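Some notes on the structure that comes next.
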Amino acid sequence: MIYNDFHGESLSMLGFGAMRLPQLENGEIDQAQLQEMVDSAIAGGVNYFDTAWPYHGGKSETALAQALSKYPREKWNLADKFPGHQISKSYDPAAIFERQLEKCGVEYFDFYLLHNVYEKSMHTYLDPQWGIIDYFVEQKRLGRIRHLGFSSHGGLDCLKAFLDRCGGDMEFCQIQLNYLDWTLQDAKAKCALLAQYGIPVWVMEPLRGGRLTKLTDEQMAKLGALRPNVSAQAWAFDFLQGLPNVMVVLSGMSAAGQMRDNLRIFEARRPLSEAEQAALLEVAEGMKQ
């Protein structure tokens, strides 16, 4: 497993995102398969697990916590999020936070995020009426949050505006980052901006919901001429492994086989050469067209 240093802690570069957990035919989370995946993840060196209040209709937190509970607390880092991006008549960070701790069966979160700070939610997070950021800064001071950050699908201007206001309280930022969104959603510029503020990047949607695993034969042949017998998903992950400010890459795995494949990819760094990166970005341009 590849590890990165974050304030003296070793974080697995591959993180397990719990937004797309395996499901039974009735739509419920397949707890048995989830347990198998968590067992494989921990055996393979993964120590970062990410969930959120709205995932799987509110059931992701409980299911993931149940799977992790067989392991000592120091073996895993748990990340959760406050849903300030969801439209509501009022916001009660304390009530949500206490319920999340209860659902996850923990006394603290290793990592906690303001969920999706973007153009329509930033005013909610900054509104003194709700005191959201002040509340979570205080929870960090009390040791109930070890590291505080935020995720964002917002544009570059929104990201900069939030960092100008709150960057001093944020330790990390989770953005949508992959070789297609490198230019399509200004991810390259966002990475540069976060680096200016000294904030490391957590990656979400590294495969763009699976889209980047479905390249055409022509696209794979182009890439295969440079790196034979390398899967489309490995190309996508290797691209991210070579970016200097990327700390954790979250993959929303929904089957045990996906976990095994991803663990193999993250056994060692295989960053792309300049020629390989250029070829991959050329494939991305073709997708955009």
Side-chain angles (χ1 to χ4, degrees), residues 15-21 23 27-29 31 34 38 48-69 73 76-154 158-159 161-163 165-176 199 202 204-205 248 250 252:
F16 185 6
M19 185 174 71
R20 301 184 179 98
L21 297 176
Q23 293 178 285
E28 293 296 314
I29 294 171
Q31 193 68 39
L34 172 57
V38 168
Y48 192 97
F49 298 83
D50 170 275
T51 186
W53 179 261
Y55 293 173
H56 284 275
K59 297 180 180 179
S60 171
E61 294 163 318
T62 305
L64 181 60
Q66 180 180 330
L68 288 169
S69 65
R73 181 67 177 88
W76 39 272
N77 294 290
L78 183 61
D80 209 337
K81 308 178 187 76
F82 178 74
H85 65 303
Q86 294 183 318
I87 297 174
S88 177
K89 293 181 179 179
S90 63
Y91 298 86
D92 189 341
I96 296 289
F97 186 69
E98 296 296 341
R99 179 62 180 137
Q100 287 176 310
L101 290 170
E102 180 184 353
K103 289 172 69 177
C104 293
V106 296
E107 295 182 354
Y108 64 90
F109 288 112
D110 301 279
F111 295 83
Y112 198 84
L113 299 88
L114 309 177
H115 200 164
N116 194 12
V117 177
Y118 76 116
E119 287 77 3
K120 292 185 178 180
S121 67
M122 189 165 68
H123 68 281
T124 297
Y125 284 115
L126 297 177
D127 192 335
Q129 176 182 194
W130 312 123
I132 295 171
I133 294 176
D134 288 344
Y135 175 79
F136 289 117
V137 168
E138 175 65 7
Q139 298 313 300
K140 179 185 172 185
R141 188 190 69 80
L142 294 172
R144 303 176 84 202
I145 294 171
R146 295 179 58 235
H147 302 290
L148 181 63
F150 70 107
S151 67
S152 178
H153 285 283
C158 175
L159 188 60
F162 184 74
L163 289 169
R165 292 281 298 273
C166 305
D169 293 320
M170 301 292 116
E171 296 179 79
F172 63 102
C173 177
Q174 191 165 301
I175 61 172
Q176 182 164 321
I199 295 180
W202 266 233
M204 54 181 164
E205 298 292 349
V248 175
L250 291 166

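Since the structure is predicted, the reported quantities are computational estimates derived from the model, not experimental observations. Atom set for the values below is all heavy atoms of this structure, side chains included, hydrogens, waters and symmetry mates excluded.
Around atom CD1 of Ile87, no more than 12 heavy atoms belonging to other residues, nucleotides or ligands sit under 6.0 Å away.
Looking at heavy atoms from C-beta onward, Phe111 lies in side-chain contact with Trp202 at the 4.5 angstrom threshold. A 4.5 Å side-chain heavy-atom check between Arg146 and Asn77 finds at least one atom pair inside the cut-off.
Note that CD of Gln86 and NE2 of His115 are 8.0 Å apart. Values are rounded to the nearest 0.5 Å. Atom CD1 of Ile175 sits about 9.0 Å away from atom CZ of Phe150, to the nearest 0.5 Å. The distance from atom CD1 of Ile132 to atom OH of Tyr91, rounded to the nearest 0.5 Å, is 7.5 Å.
Ring geometry for Phe136 versus Phe97: interplanar angle over 60°, hence perpendicular rather than tilted (30 to 60°).
The nearest pair of heavy atoms linking Pro83 to Tyr125 is C-OH, 4.0 Å. Across Leu113 and Ala79, no two heavy atoms sit closer than the pair CD1-CB, 4.2 Å. Pairing each heavy atom of Leu21 with each of Ser60, the nearest pair is CD1-OG, 4.0 Å. What you find for Asn116 and Ser151 is that their closest heavy atoms are N-OG, 2.7 Å. Taking all atoms of both residues into account, the shortest heavy-atom contact from Asp110 to Tyr108 is OD1-CE1, 3.4 Å. In plain terms, the two heavy atoms of Leu64 and Leu34 that are nearest each other are N-CD2, 4.0 Å.
Here Lys120 pairs with nothing under the side chain to side chain donor-acceptor pair (under 3.5 Å) rule; sequence neighbours left out. For Met122, the side-chain contact (heavy atoms from CB on, under 4.5 Å) partners two or more places apart in sequence, or in a different chain, are Val117, Leu126, Cys158, Ala161, Phe162.
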Report task. Apply side chain to side chain donor-acceptor pair (under 3.5 Å) to the pair Gln139 and Tyr112, showing each step before the final yes or no. Result -> CA-CA 10 Å; Gln139 298 313 300; Tyr112 198 84; over 6 Å; no

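Taking the charged nitrogens against the carboxylate oxygens, Glu61 and Lys81 have no contact shorter than 4.0 Å, which rules out a salt bridge.
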Show every donor-acceptor pair shorter than 3.5 Å between a side-chain atom in residues 165-174 and any protein atom, with sequence neighbours excluded, or say none if there are none.
from   : atom 1 : to     : atom 2 : distance (Å)
Glu171 : OE1    : His147 : ND1    : 2.9
Glu171 : OE2    : Lys140 : NZ     : 2.9
Glu171 : OE2    : Leu148 : N      : 3.0

